[in-house]
Amino acid sequence: MGAVKKMEEQEKDTLELVLKEMLQVQQNANKISDDQVAAINQLTVTVNSFNEGLQNLKIISPPIGTKSIEEIIKNGINDMQLRTASQQKNATKKFQILLFPEQDAKLFYKIVFGRWFMWLTIMLFITSLYKWSVHLSDNQKDIRYEQLQNDRVKKAWNYLYSQNGKVIKRLMDSAYNKIIQKEE
């Protein structure tokens, strides 16, 4: 029983210590919060006084004399008009149709003929490819046609062979053997 009381007292002591520490932390937090509120109030007062100062501020600009500048500009424009009117006008109309440039012809030839050559080779390649594909298609068609003919001949041969008697079968076998010997 004594041990249980000691444990209860120790628990009370630890709880008391924890509560004291929490109370101290809470007091510190309250103090910081109060300091923040005071600082915010002070900043609010400063901002309000600054805004009042801005509202009461009046800007007065001094008058500007632009007559002297206007006179200088007028004189400059008049001088330019007199100079352009007094110059001789050498206007000769020149009509040309240029197939090639007068300046930097080497670059022109390099670009234009380089591109022409490239397009010419591409077109040549495309036409060759087209001709080759048409030739291939025609060959495939001929091969299919010959295969169909061979299949028809084989079917007809087999049909005749299966429908007739022994005499005709011997005659057909001998004809077949003669054809094979000629091919070799």
Side-chain angles (χ1 to χ4, degrees), residues 22 25 29 32-33 36-37 39-40 43-44 46-48 50-51 54-55 57 59 61 64 66 68-184:
M22 287 181 67
V25 169
I32 290 170
S33 176
Q36 286 178 348
V37 168
I40 289 173
L43 288 173
T44 306
T46 305
V47 169
N48 286 338
F50 181 73
N51 286 338
L54 283 177
Q55 289 175 356
L57 185 65
I59 298 174
S61 62
I64 299 174
T66 59
S68 61
I69 296 172
E70 288 176 6
E71 288 177 16
I72 292 171
I73 292 174
K74 272 186 185 177
N75 290 338
I77 290 174
N78 288 336
D79 287 342
M80 286 190 295
Q81 287 176 347
L82 286 174
R83 286 182 188 168
T84 57
S86 65
Q87 287 180 351
Q88 290 183 355
K89 297 181 181 177
N90 296 332
T92 57
K93 293 188 177 183
K94 187 177 182 182
F95 181 76
Q96 288 183 334
I97 296 177
L98 296 176
L99 298 176
F100 302 105
E102 292 178 352
Q103 300 166 346
D104 207 5
K106 186 175 183 180
L107 179 64
F108 174 79
Y109 293 131
K110 183 178 179 182
I111 291 172
V112 171
F113 289 126
R115 289 182 185 163
W116 286 357
F117 182 70
M118 179 185 68
W119 284 111
L120 183 66
T121 55
I122 289 172
M123 293 304 292
L124 183 64
F125 174 74
I126 289 172
T127 55
S128 299
L129 182 66
Y130 175 74
K131 288 178 183 178
W132 178 77
S133 63
V134 167
H135 178 69
L136 183 67
S137 175
D138 289 342
N139 286 346
Q140 292 293 328
K141 211 181 286 181
D142 290 343
I143 290 171
R144 276 191 228 125
Y145 181 72
E146 287 179 18
Q147 284 178 346
L148 285 174
Q149 289 296 333
N150 289 340
D151 288 343
R152 287 181 188 158
V153 169
K154 280 184 183 179
K155 285 180 184 179
W157 183 270
N158 290 333
Y159 177 74
L160 283 174
Y161 194 79
S162 64
Q163 294 295 324
N164 293 317
K166 289 182 181 183
V167 175
I168 294 179
K169 284 182 183 179
R170 282 183 202 153
L171 183 64
M172 288 176 73
D173 286 337
S174 67
Y176 182 72
N177 290 332
K178 285 179 184 177
I179 291 173
I180 290 177
Q181 288 175 357
K182 284 183 182 178
E183 288 179 359
E184 291 176 356

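- One finds the CD1 atom of Ile77 at 12.5 Å from the CD1 atom of Ile72 (value rounded to the nearest 0.5 Å).
- Between Tyr159 and Gln163, the side chains place no donor N or O within less than 3.5 Å of an acceptor N or O (distance only, hydrogens not considered).
- For Leu171, the side chain to side chain contact (heavy atoms under 4.5 Å, CB included) partners at least two apart in sequence or on another chain are Ser174.
- Looking only at distances, a side-chain donor or acceptor of Ser133 sits under 3.5 Å from a matching main-chain atom of Leu129.
- Met118 CE to Arg115 CZ: the interatomic distance, rounded to the nearest 0.5 Å, is 7.5 Å.
- Under the 3.5 Å distance criterion, the side-chain polar atoms of Ser162 are matched with a main-chain donor or acceptor of Asn158.
- Side-chain contact check for Ile180 versus Tyr176: some heavy-atom pair is nearer than 4.5 Å.
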*Derivation and outcome, side chain to side chain contact (heavy atoms under 4.5 Å, CB included), residues Leu107 and Asp104*: CA-CA 6 Å; Leu107 179 64; Asp104 207 5; 3.3 Å; yes

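- The CZ atom of Phe117 sits 9.5 Å away from the CG atom of Leu124 when rounded to the nearest 0.5 Å.
- Taking the centre of each ring, Phe113 and Tyr109 come in below the 6.0 Å mark.
- Here Trp132 contributes atom CH2 and Phe125 contributes atom CZ; the two are 10.0 Å apart, rounded to the nearest 0.5 Å.
- By the 4.5 Å heavy-atom criterion applied to side chains, Gln81 and Asn78 are counted as neighbours.
- Within the 4.5 Å cutoff, the side chain of Arg144 has heavy atoms near those of the Gln140 side chain.
- The shortest side-chain heavy-atom distance between Val37 and Ile40 does not fall under the 4.5 Å cut-off.
- For Asp173, the side chain to side chain contact (heavy atoms under 4.5 Å, CB included) partners are Tyr161, not counting sequence neighbours.
- Here the closest non-hydrogen pair linking Leu160 and Met172 is CB-CE, 3.9 Å.
- Atom OG1 of Thr121 and atom CH2 of Trp116 lie 14.5 Å apart (nearest 0.5 Å).
- Under the rule for a side chain to side chain contact (heavy atoms under 4.5 Å, CB included), Leu43 has no partner lying at least two apart in sequence or in another chain.
- The neighbour count for Lys169 NZ, taken as heavy atoms of other residues, nucleotides or ligands under 6.0 Å away, is above 12.
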